[in-house]
Engineer: 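Sharing a structure below in structure tokens format, with a few things to ask.
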Protein chains: 2
Amino acid sequence: MATTFDVLVEPARRRILDLLRERPRPVGELVGLLGLSQPGTSKHLRVLREAGLVAVRRDAQRRWYELRPEPLAEVDAWLEPYRRLWAGRLDALEQHLNERKETPHAHDRSRRRRRPRNS
Amino acid sequence: MATTFDVLVEPARRRILDLLRERPRPVGELVGLLGLSQPGTSKHLRVLREAGLVAVRRDAQRRWYELRPEPLAEVDAWLEPYRRLWAGRLDALEQHLNERKETPHAHDRSRRRRRPRNS
DNA sequence: AAGCTATATGCCTGTCAAGACATGTACTGT
DNA sequence: ACAGTACATGTCTTGACAGGCATATAGCTT
């Protein structure tokens, strides 16, 4: 069984969750918003469903997917002990986020790693 | 460049971070604690380093790795809008269902029985 | 100098997952 | 019944990556 991290590592799936955070949506709407194929979208939704991150409601041919945020608490719990660590270092944190924004490879000093799947 | 999610999806790397949260450690110590090969450990450390999640200090042949929690703020920021949702989710769900009740078409049939075909 | 220790890197291979396409399934309206 | 809509699933290919071993690199000790 996939962990919540395994599910969230795929950018399209994080985007789906972001979209469902606003309101439930049928698959077709997600297909349009994501720019993915319908089968591809359905597969991502299946992974999300099996991880308990979304629930489906049937409505004739349509399936309305809605967010179920509970499994995210697992990630939140892992993150928790770290949160106080950067709380004392807000300066360093801001600098880090700015570096990320402007020069995406600021930390990548040796070999460049290609992002999976986005080219 | 790998996102922080890409880095964290690997359990061994999350474990490394957990170990470095206590104190900086040389590679050999991590090898023992993780039960991985030394090259495998070094590779994970490289990924963590390139993502800015750890920093290295040289000490003769040893390299002391220490935690740099700042990039985790990226994950925390993504998680932020969800955090309130799983706390007050029952309220949100109730409100949502009430909205749906007043909608004249469609959603009433959502509770239809599933065919016993797929368990 | 040689030899030892600690770590990094190269190369190879198996595995696993995402994407594309075709097809199956379920429901609707005429 | 038929055609169309909305979605799921199966199959295949391809690429990324973890893990293994061998080897390179760097510093220490004698």
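Numbered from 1 within each chain, the chains take letters A, B, ... in sequence-line order.
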Engineer: Tell me if the CZ atom of B:R15 is crowded by more than 12 foreign heavy atoms within 6.0 Å.
Structural biologist: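 Open.
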Engineer: With respect to the side chain of B:Q61, which nucleotide from C:dC27, D:dA26, D:dT9 is positioned closest?
Structural biologist: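 Of the options given, the side chain of B:Q61 lies nearest D:dA26.
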Engineer: Evaluate the criterion side chain to side chain contact (heavy atoms under 4.5 Å, CB included) for residue pair B:V9 and A:T3; output intermediate values, then yes/no.
Structural biologist: CA-CA 9 Å; B:V9 73; A:T3 71; 5.7 Å; no
Engineer: Is the shortest side-chain N/O distance from A:Y65 to OP1 or OP2 of D:dA8 below 4.0 Å?
Structural biologist: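 Yes.
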Engineer: Give a yes or no on whether a salt bridge exists between A:R13 and A:D18, defined as a side-chain N under 4.0 angstrom from a carboxylate O.
Structural biologist: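 A:D18 and A:R13: not salt-bridged.
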Engineer: Nearest to the side chain of B:L36 - D:dC28, C:dA8, D:dG19?
Structural biologist: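 The answer is D:dG19.
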Engineer: Has the side chain of B:Q38 got a donor or acceptor that lies under 3.5 Å from a partner of the other kind on the base of C:dA8?
Structural biologist: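 Side chain to base: pair found, below 3.5 Å.
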Engineer: Select one nucleotide: of D:dG19, D:dA26, D:dT9, the one nearest the side-chain heavy atoms of B:E10.
Structural biologist: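 Minimum distance to the B:E10 side chain belongs to D:dG19.
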Engineer: Measuring to OP1 and OP2 of C:dG19, would you say a side-chain N or O of A:S37 lies under 4.0 angstrom away?
Structural biologist: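 Negative; the distance criterion is not met.
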Engineer: What nucleotide, of D:dC7, C:dC21, C:dA8, holds the atom closest to the side chain of A:P39?
Structural biologist: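 My answer, after comparing the listed nucleotides, is C:dC21.
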Engineer: Please assess A:Y82 against B:L67 for the test side chain to side chain contact (heavy atoms under 4.5 Å, CB included), listing each intermediate value before the final yes or no.
Structural biologist: CA-CA 10 Å; A:Y82 294 92; B:L67 180 65; 3.7 Å; yes
Engineer: In terms of side-chain heavy atoms of A:V27, which of D:dA26, C:dT9, D:dA8 is nearest?
Structural biologist: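 For A:V27, the side-chain atoms sit closest to D:dA8.
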Engineer: Measuring to OP1 and OP2 of C:dA18, would you say a side-chain N or O of A:R13 lies under 4.0 angstrom away?
Structural biologist: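 Checking A:R13 against C:dA18: at least one side-chain N or O falls below 4.0 Å of OP1 or OP2.
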Engineer: Let me spell it out: for each of A:K43 and B:S42, pick the nucleotide of DNA chain C with the closest heavy atom. Which residue's pick is nearer the 5' end?
Structural biologist: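 By nearest-heavy-atom nucleotide position, the 5'-most residue is B:S42.
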Engineer: Without decimals, in angstroms, what is the distance between A:H44 NE2 and D:dA8 C1'?
Structural biologist: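 One finds 15 Å between C1' of D:dA8 and NE2 of A:H44, rounded.
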Engineer: Which nucleotide, C:dT9, D:dA8, C:dA6, lies nearest any side-chain atom of B:R62?
Structural biologist: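 Looking only at heavy atoms from C-beta outward on B:R62, the closest nucleotide is C:dA6.
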